[in-house]
Amino acid sequence: MDAFPIPAESFILGFIGAGKMAESIAKGVAKSGVLPPDRICTAVHSNLKRRDAFESIGVKILSDNNAVVEYSDVVVFSVKPQIRPLLSRKKLLVSVAAGVKLKDLQEWTGHSRFIRVMPNTPSAVGEAATVMSLGGTATEEDGELIGKLFGSVGKIWRADEKLFDAITGLSGSGPAYIFLAIEALADGGVAAGLPRELALGLASQTVLGAASMVTKSGKHPGQLKDDVASPGGTTIAGIHELEKSGFRGILMNAVVAAAKRSRELS
């Protein structure tokens with residue numbers, strides 16, 4: 001059965017689950033101009049802080065999740081709601097719920113017009129690394145629409161769902177690894193004599209700048225590393241210490257361990 005087309009110029013975006021991730025996506029979509037806030041809706045029950053957060057964006061607050069599904073053309077789930085009868089193939093359904101697979105969603109709804117999306121926490125500042133996988137009856141147009149929505153809070157790639165555990169280990173858990181690295185760099189700066197505030201600012205901006213060089217220069221990270229490591233200099237001395245401690249292997253092992261845990265939990 002052919003999917004019903006989503007009206008690109010007038011569709012309504014709804015969120016089931018009004019948490020931080022939904023807020024980040026709604027804010028990014030509205031701020032980028034992809035959708036005006038009055039075409040975005042959610043339901044908030046007793047949490048007044050969550051209601052205030054969405055109302056500050058201009059999002060429409062509805063009475064309950066049933067109302068959100070009925071009102072919306074595209075429905076983003078961060079939780080599994082008890083509203084199955086309303087989830088027809090006329091609507092494009094998007095899941096950002098961790099560990100919930102497309103086959104589970106199909107069994108749950110009775111159809112496969114689902115797109116599974118995995119954003120990460122930097123969506124809160126418009127710098128998400130997001131991956132999506134299309135269900136069996138989701139169309140290319142559906143994929144393009146979701147790519148545009150989630151592209152408003154960072155970068156998005158398409159991948160086979162079988163890769164999602166590895167993606168969890170890298171981009172899903174990766175921000176925490178980088179937070180740890182920034183903290184460690186700042187501690188190193190303090191140990192070398194810097195004031196704490198200056199050390200943390202320098203560490204954070206250094207990581208941000210280095211990441212931007214990788215994404216914008218087109219050079220391999222190894223080449224960028226070589227460019228700054230002059231013979232007998234300070235940088236190669238620091239790199240030597242990292243290599244002696246197994247720095248690269250530690251990061252690789254962290255990704256593999258998180259991916260393994262994701263498989264165990266799904």
Side-chain angles (χ1 to χ4, degrees), residues 1-47 50-98 100 102 104-119 123 128 130 132-153 156:
M1 183 176 178
D2 292 338
F4 291 82
I6 301 297
E9 300 303 318
S10 61
F11 74 90
I12 303 297
L13 174 64
F15 290 93
I16 303 298
K20 292 286 189 180
M21 184 63 71
E23 179 190 348
S24 297
I25 298 165
K27 187 177 295 184
V29 168
K31 186 176 179 180
S32 66
V34 172
L35 281 184
D38 61 3
R39 283 170 53 194
I40 306 171
C41 66
T42 191
V44 182
H45 303 292
S46 58
N47 192 325
R50 294 281 80 219
R51 175 181 288 272
D52 290 345
F54 280 89
E55 287 183 338
S56 70
I57 304 169
V59 169
K60 187 183 295 291
I61 306 297
L62 301 182
S63 59
D64 55 35
N65 287 340
N66 282 7
V68 172
V69 173
E70 290 179 345
Y71 186 66
S72 304
D73 302 291
V74 178
V75 185
V76 178
F77 299 89
S78 56
V79 295
K80 186 176 179 179
Q82 304 301 314
I83 50 176
R84 178 174 173 174
L86 298 172
L87 301 176
S88 76
R89 67 182 71 247
K90 292 182 179 181
K91 299 179 185 295
L92 173 57
L93 309 177
V94 180
S95 173
V96 297
V100 181
L102 287 169
D104 301 323
L105 298 168
Q106 182 172 352
E107 291 172 2
W108 170 44
T109 60
H111 66 85
S112 58
R113 195 181 187 185
F114 249 109
I115 297 180
R116 183 181 174 188
V117 179
M118 185 182 294
S123 62
T130 301
M132 68 175 175
S133 183
L134 275 61
T137 59
T139 66
E140 284 298 312
E141 290 76 15
D142 290 342
E144 290 171 6
L145 186 151
I146 297 307
K148 189 173 182 181
L149 288 176
F150 282 85
S152 69
V153 291
I156 184 165

Main-chain N/O of [Y] paired to [X] side chain as donor or acceptor, under 3.5 Å:
| X | Y | answer |
| --- | --- | --- |
| Ser32 | Val29 | yes |
| Arg113 | Gly135 | no |
| Ser123 | Ala128 | no |
| Ser112 | Gln106 | no |

Measuring from atom [atom1] of [X] to atom [atom2] of [Y], what distance do you get when rounded to the nearest 0.5 angstrom?
| X | Y | atom1 | atom2 | answer |
| --- | --- | --- | --- | --- |
| Phe150 | Thr130 | CZ | OG1 | 7.0 Å |
| Ile115 | Leu93 | CD1 | CG | 9.5 Å |
| Arg116 | Ile146 | CZ | CD1 | 15.5 Å |
| Phe114 | Leu134 | CZ | CG | 12.5 Å |
| Lys90 | His111 | NZ | NE2 | 11.5 Å |
| Ile156 | Lys148 | CD1 | NZ | 13.5 Å |

If I compare all heavy atoms of [X] with all of [Y], which pair ends up nearest, and what's the gap?
| X | Y | answer |
| --- | --- | --- |
| Ala26 | Ile40 | O-CD1, 3.9 Å |
| Ala18 | Val44 | CB-CG2, 3.8 Å |
| Leu62 | Ala67 | CD1-O, 3.7 Å |
| Lys60 | Asp38 | CE-O, 4.1 Å |
| Pro37 | Ile57 | CB-O, 3.3 Å |
| Glu23 | Arg50 | OE1-NH2, 2.6 Å |

Before giving the answer on side-chain contact (heavy atoms from CB on, under 4.5 Å), spell out for Leu92 and Thr139 the whole-Å C-alpha distance, their side-chain angles and the decisive distance to 0.1 Å. CA-CA 10 Å; Leu92 173 57; Thr139 66; over 6 Å; no
Result for side chain to side chain contact (heavy atoms under 4.5 Å, CB included) between Ile16 and one of Val68, Thr42, Val76 points to Val68
Do Phe15 and Val59 make a side-chain contact, defined as non-hydrogen atoms from C-beta onward lying under 4.5 Å apart? no
Quick one, Pro119 and Val153 - any side-chain contact, counting heavy atoms below 4.5 Å? no
Does the plane of the ring in Phe77 sit parallel, tilted or perpendicular to the ring in Trp108? Use 30° and 60° as the thresholds. perpendicular
Test side-chain contact (heavy atoms from CB on, under 4.5 Å) on Glu141 and Ile6; report intermediate values, then the result. CA-CA 8 Å; Glu141 290 76 15; Ile6 301 297; over 6 Å; no
